[in-house]
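The chains referred to below are lettered A, B, ... by the order of the sequence lines, with proteins before strands, and numbering in each begins at 1.
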Protein chains: 2
Amino acid sequence: MEPVPMLLAMTYRAMGDQFHDRLRQIGLEPLRPAHGYVFRFLKAKRATTVDIGQHLGVTKQAAAKIVNELDEWGYVLREPHPTDKRAQYVTLTTKGRDYLKFADNLWSDLEAEMAEAIGQDTLDTIRTGLAAYLQHVHGEDQPGLRPVW
Amino acid sequence: MEPVPMLLAMTYRAMGDQFHDRLRQIGLEPLRPAHGYVFRFLKAKRATTVDIGQHLGVTKQAAAKIVNELDEWGYVLREPHPTDKRAQYVTLTTKGRDYLKFADNLWSDLEAEMAEAIGQDTLDTIRTGLAAYLQHVHGEDQPGLRPVW
DNA sequence: AGAATAAGGTCAACCTGGTTGTCTAGTAGG
DNA sequence: CCTACTAGACAACCAGGTTGACCTTATTCT
């Protein structure tokens, strides 16, 4: 019997691969999961590079690299912090928001296909079950989304 | 609402971190998930480095590195292939088998705690649901367990 | 049998996505 | 104002992979 974590990893891979494949057909930059998490985070709140690193669970230097890429590709831009002259807010451009919208639709599609394959109720149970487990382990303050492997 | 893959990744991390923590308390070498997968694979069948690479979904060179480590640490040893003078079988030592046993117990403990937290039936549904999805996506020939992130 | 091709294993160079460590400029609290 | 801290940039490094070349042994095809 496969250990549960193995199933989690394999399923994650399977969904991620499909996501990536379909994305590539559109011909967008080779965005990695971390980029997506940044978009989602930036949509929710204004944030600096340090904030992003914290959220991702990586060092600020690693976060800075990611932000640089996103900047070069036009998904985000930096604007001066109103009160702190050291800091810069990282904000989504229109391209960034469009990407996020597109990605969200794609995820919805993939989840819908999953629901079709294993049943909506089963999928719901998976979702709530995993969420409950995370709640149980981490309590309120969920940790970053650091690299998985 | 969190996308499902995010939940998968976070849960995988959470379980993996706990596994790693408890393992470290025992003071064993810093084995990574890939090493564990190798053990599991070697227990099931005799295999060469190339086979291992295939199973892991990495190049034979990457597999060779892993096997080298495991060899140095005494978890596996190489023995000549009976009919093919090029090839070597990689086999588990007693230390390797002991580790695997220990790890399996640890995983069981973690799953038991998970079951306690979210309910045995929920956990069962998660397990069968994910397995069914993988079956649906990949059919019979499951792919390797390549790095997840 | 002999030649061409494929496969196991090793070596070496390189790439990527992270790390630590150091520095400057700006902030905040006593 | 002085001290301690923080945002961000720069550089060196590391781990875990990759690609490519190679040698040796196997296999296949004529």
Side-chain angles (χ1 to χ4, degrees), chain A residues 9 13 16-17 20 29-38 41-42 45-73 75-91 143-149, chain B residues 9 13 16-17 20 24 29-38 41-42 45-73 76-91 143-149:
Chain A
R13 274 293 301 203
D17 285 351
H20 192 264
E29 275 92 0
L31 297 181
R32 281 165 282 130
H35 296 118
Y37 292 142
V38 170
F41 184 57
L42 290 181
K45 59 191 336 178
R46 311 208 84 193
T48 66
T49 300
V50 170
D51 296 334
I52 291 172
Q54 205 130 325
H55 179 245
L56 254 44
V58 300
T59 58
K60 57 184 181 177
Q61 292 91 330
K65 281 190 193 178
I66 295 175
V67 171
N68 277 335
E69 290 175 342
L70 292 177
D71 188 359
E72 283 172 23
W73 294 334
Y75 290 101
V76 310
L77 47 83
R78 298 170 161 97
E79 45 194 31
H81 191 288
T83 69
D84 187 337
K85 284 183 194 164
R86 295 168 304 173
Q88 297 168 323
Y89 273 137
V90 182
T91 60
L145 303 142
R146 311 195 298 289
V148 178
W149 193 253
Chain B
R13 272 293 301 203
D17 285 351
H20 192 263
R24 204 184 36 193
E29 275 93 0
L31 297 181
R32 281 163 283 130
H35 296 118
Y37 292 141
V38 171
F41 184 57
L42 289 181
K45 56 186 347 172
R46 311 208 84 193
T48 66
T49 300
V50 170
D51 296 333
I52 291 171
Q54 205 129 326
H55 178 245
L56 254 43
V58 300
T59 59
K60 58 184 181 178
Q61 292 92 328
K65 280 190 194 176
I66 294 175
V67 171
N68 277 336
E69 290 174 343
L70 291 177
D71 189 359
E72 282 171 24
W73 295 333
V76 310
L77 48 82
R78 297 170 161 99
E79 47 193 31
H81 191 287
T83 69
D84 188 336
K85 285 183 194 162
R86 295 168 304 175
Q88 297 169 323
Y89 273 136
V90 181
T91 60
L145 303 143
R146 311 196 298 289
V148 178
W149 194 251

_Considering all heavy atoms, the nearest B/A63-B/V58 contact_ =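 So the two residues come closest at N-CG2, 4.0 Å.
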
*Closest heavy-atom contact between B/Y89 and B/H81?*
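So the minimum-distance heavy-atom pair works out to OH-NE2, 3.5 Å.
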
*Can you check whether B/L42 reaches B/T91 side chain to side chain, under 4.5 Å on heavy atoms?*
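They are not in side-chain contact.
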
*Ignoring hydrogens and angles, tell me if any N or O in the side chain of B/D51 forms a donor-acceptor pair with the backbone of B/T48 under 3.5 Å.*
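Present.
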
Output the rounded distance in Å from [atom1] ([X]) to [atom2] ([N]).
X	N	atom1	atom2	value
A/H81	D/dG8	NE2	P	9 Å
B/K60	D/dT19	NZ	P	12 Å
A/R78	D/dG8	CZ	C1'	9 Å
A/D51	D/dG8	CG	C1'	12 Å
B/Q54	C/dG9	CD	C1'	15 Å
B/E79	C/dG9	CD	C1'	17 Å
B/Q88	D/dA26	CD	P	13 Å
A/Y89	D/dA7	OH	C1'	13 Å

Counting side-chain heavy atoms from C-beta on, which of [options] comes nearest to [X]?
X	options	answer
A/T48	D/dT25, C/dT27, D/dA7	D/dA7
A/T49	C/dT27, D/dG8, D/dT24	D/dG8
A/K65	D/dT19, C/dT19, D/dG8	C/dT19
A/K85	C/dG26, D/dA26, D/dT18	C/dG26
B/A62	D/dT18, C/dG26, D/dA9	D/dT18
A/R32	D/dG16, C/dG8, C/dG17	C/dG17
B/I66	D/dG17, D/dG16, C/dG17	D/dG17

*asked:* For D/dA26, does the base pair up with any side-chain atom of B/R86 as donor and acceptor (N or O, under 3.5 Å, distance only)?
replied: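 Answer is no: no donor-acceptor pair is held.
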
*Heavy-atom donor-acceptor pair, A/Q61 side-chain to C/dG21 base, under 3.5 Å*: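 Check passes, donor-acceptor contact within cut-off.
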
*So what does B/A87 touch, heavy atoms closer than 4.0 Å: a base, only the sugar-phosphate, or nothing?*
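Sugar-phosphate: the residue B/A87, judged by heavy atoms under 4.0 Å, touches backbone atoms but no base.
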
*Of A/V67, A/V76, A/L70, which is the lone residue that meets side-chain contact (heavy atoms from CB on, under 4.5 Å) with A/H35?*
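The single option meeting the side-chain contact (heavy atoms from CB on, under 4.5 Å) with A/H35 is A/L70.
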
